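Bear in mind that the values here come from a model prediction, so they are computed numbers and not experimental data. Letters go in sequence order (proteins before strands), and every chain restarts at 1.
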There are 2 protein chains.
Amino acid sequence: MKALPTPPEGETGPVTIYDVAARAGVGIATVSRAMNGSAPVAEATRAKVLAAVEELGFRPSHAGTSLAARTHAANGIVFPDLSGPYYAEVLLGYEETASRLGRSVLVLATHGRPDPDAAVRDLAGRVDGIVLLGRTVPDHVVEALSAFGLPVVVVARPEVAGVDSVRANSVDAARALGEHLAGHDLRKVAFLGSPEESPDVAERWRGVREGLGAHGIEPTVTPCLFDEESGARVAAGLLAVDDRPDALVCANDEIALGAIVAAEQIGLRVGRDIAITGWDDVMAARHARPALTTVRQPMRALGTLAAEVLDQRINATRTTPRHELLATDLVVRDSCGPHP
Amino acid sequence: MKALPTPPEGETGPVTIYDVAARAGVGIATVSRAMNGSAPVAEATRAKVLAAVEELGFRPSHAGTSLAARTHAANGIVFPDLSGPYYAEVLLGYEETASRLGRSVLVLATHGRPDPDAAVRDLAGRVDGIVLLGRTVPDHVVEALSAFGLPVVVVARPEVAGVDSVRANSVDAARALGEHLAGHDLRKVAFLGSPEESPDVAERWRGVREGLGAHGIEPTVTPCLFDEESGARVAAGLLAVDDRPDALVCANDEIALGAIVAAEQIGLRVGRDIAITGWDDVMAARHARPALTTVRQPMRALGTLAAEVLDQRINATRTTPRHELLATDLVVRDSCGPHP
DNA sequence: GGAGGCGTAGGAAGCGCTTTCATGTGGCGA
DNA sequence: TCGCCACATGAAAGCGCTTCCTACGCCTCC
């Protein structure tokens, strides 16, 4: 059991650097130096100061520090949305690394917000650097922030001039997926998702088309929101026609899981009568029956790397833009049919 | 701390309230009043000020504001861990509501951190209030923060004296689950999870025991980490013995999904030879085959409510502790056997 | 016509910290 | 013995904002 610091008698309000200085019999400048090691302090003095800090339970005010030092010791991260396991993992990696580097993390979800740009700008005023995921704000806002001198890293979004970026290699994995599907005996392939909604999805669509195109297959694209219910609805529509697709390539796992339900509802055997694939490899993907063929992304690593890249910029360790591309894995399971 | 770089010659630093005041031909006090509406300002003056703000693109420094106004306009939230869909939903609800109330959100994950208590205390210094989820820090830290005058709300954790709390009604749902299982022809029930690790799990265990006990069934408890791999391993051990359990009641869905895999691996038909239940109703629960019987918690509402309760404390709208208990739903699917 | 009231606005004092600049001290070489 | 130079330290000047207190018109009311 740790003893709690004794609050000063008769004092009101939190302990300040002045209280510590008085207690240690030194000036406030010395307290600051002793605590931060920003300048040499005699060993005896330092000991006195640290003792006073301990006795009074002194915690420097962040507001004071950040005003004087013009630094926030905090990073921001902006999500389109926080639901789904995808972003949570990114945040986890980001927070872990940022905190290891001594920075707090402020989160902002733009989804359903009246004025995302203003919210991001506000966030920008409280942090030393910011990570933007996907299409949360338009390019001109990204550029404005960056031009203003705020370090910015974009994740899962196409490169913006002069701004660091960290991405998963969607194109290669999508191409591999397309080629894998071409290996099955498929002729009519439909892509479910809205490439124009998300740059990341646009890459998936492009890769899939390239992979299939190499084998003479020309997929179609059908817009679809990124949730299960939409996936089920859109899939039901696609499968209701006579000349239905042999394969549904879905922009994410939620859509695919919804599509599986829709296909089964009209009596199709997924993996035999029809192939269905997802993207993200969420937990449900491997527990679904048939298990979902999908693509695994290094989500946690994305967050970790973003935090590191951002830190280099904040500390001015590096001034040239850095663009990271992380590998992704095609995960073949049963939903795309018996393995040839 | 980082050395501040001298701004290049001719470079205009960030716009301050002085710049705005000069441009509008008024004093800084008037700018402040015009922007915050903290005191009456003549309409003509206000227009001049707002025009200057617009032209200069003035954004008040948060550090300055928070130092002068002794407020941060920010809330903290502390998670044990951020992986899994559970906490992400809570965060989503929390962030949404906090931001609607004009507050930013700082997140902190204590999992795998060398000194969680210190991290929480540090966080406490940058926010106006804090939400603690589960067993992230010991009670004495919660009490210390609260005693220090910082509004604190605990979520998914037993009430702490004088501290607001928001919880899901685990006991009732667990009792309902226990009773439901007793309705199937089960004699030997094993609970997988560590009640002593998490207060929330302790409640689940208690409720299950009560529900089964009412029908003369005495379940056993087997410690288990809260991930899939542990669930599979512990379940495999339990099922390997001759007199194996008829039912595995798992502390969360991950454990249950692992247990399903383990059971199937030794040839058991889940839902017929053995009943398995989870907790949380993650997406994978409804896609698993057999679909998982589980308990749905109002996670998003938990986050939203926590933000509201906290806000009342911060604004001193309320000074008596508030303890919220949200209803949870038993979701019966196929993994616990054919419905009687 | 003078005193008081009211609405408006500016000056200036902090908020708690970092950092510069000036000062005091002791050690050292000449 | 004297002067010089590191070194350690304190006083004080901000950092950008809010807010108290005061000042100044101008109007109203005796």
Taking only nitrogen or oxygen atoms into account, show me every contact under 3.5 Å that the protein makes with nucleotides 18-21 of chain D, one pair per line with its distance.
unit_1: D:dT18; atom_1: OP1; unit_2: B:Asn36; atom_2: ND2; d: 2.9
unit_1: D:dT18; atom_1: OP2; unit_2: B:Ser32; atom_2: OG; d: 2.7
unit_1: D:dC20; atom_1: N4; unit_2: B:Arg33; atom_2: NH1; d: 3.4

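Listed by first and then second residue, the side-chain hydrogen bond (donor to acceptor under 3.5 Å, both in side chains) pairs that reach into residues 40-55 of chain B are B:Arg23-B:Glu55, sequence neighbours excluded. Judged as a salt bridge (Lys or Arg N to Asp or Glu O under 4.0 Å), the pairs with a partner in residues 133-148 of chain B (not counting sequence neighbours) are, in order, B:Asp139-B:Arg157.
When rounded to the nearest whole Å, the span between CE of A:Met35 and P of C:dT18 equals 8 Å.
For B:Pro116, the side chain to side chain contact (heavy atoms under 4.5 Å, CB included) partners two or more places apart in sequence, or in a different chain, are B:Thr110. Every residue two or more places apart in sequence or in another chain that forms a side chain to side chain donor-acceptor pair (under 3.5 Å) with B:Ser99 is listed here: A:Arg113. Taking the side chain to side chain donor-acceptor pair (under 3.5 Å) definition, one finds that B:Arg100 meets it with nothing, sequence neighbours left out. Looking at residues two or more places apart in sequence or on another chain, you find a side chain to side chain contact (heavy atoms under 4.5 Å, CB included) between B:Ala29 and B:Arg33. For B:Arg126, the side chain to side chain contact (heavy atoms under 4.5 Å, CB included) partners at least two apart in sequence or on another chain are A:His62, A:Ala73, A:Ala74, A:Ser104, B:Leu106, B:Asp122.
Taking the side chain of A:Ala42 as heavy atoms from C-beta on, and the options C:dA9, D:dC17, D:dT9, the nearest nucleotide is D:dT9. Side-chain atoms of B:Leu67 lie closest to D:dG16 of the nucleotides D:dA8, D:dG10, D:dG16.
Checking each of B:Thr319, B:Asp128, B:Asp164 against B:Arg313 for a side-chain hydrogen bond (donor to acceptor under 3.5 Å, both in side chains) leaves exactly one that passes, namely B:Asp164.
In the helix from C:dG1-D:dC30 to C:dA30-D:dT1, the rotation axis of the first five pairs and that of the last five pairs differ in direction by 60°, rounded to 10 degrees.
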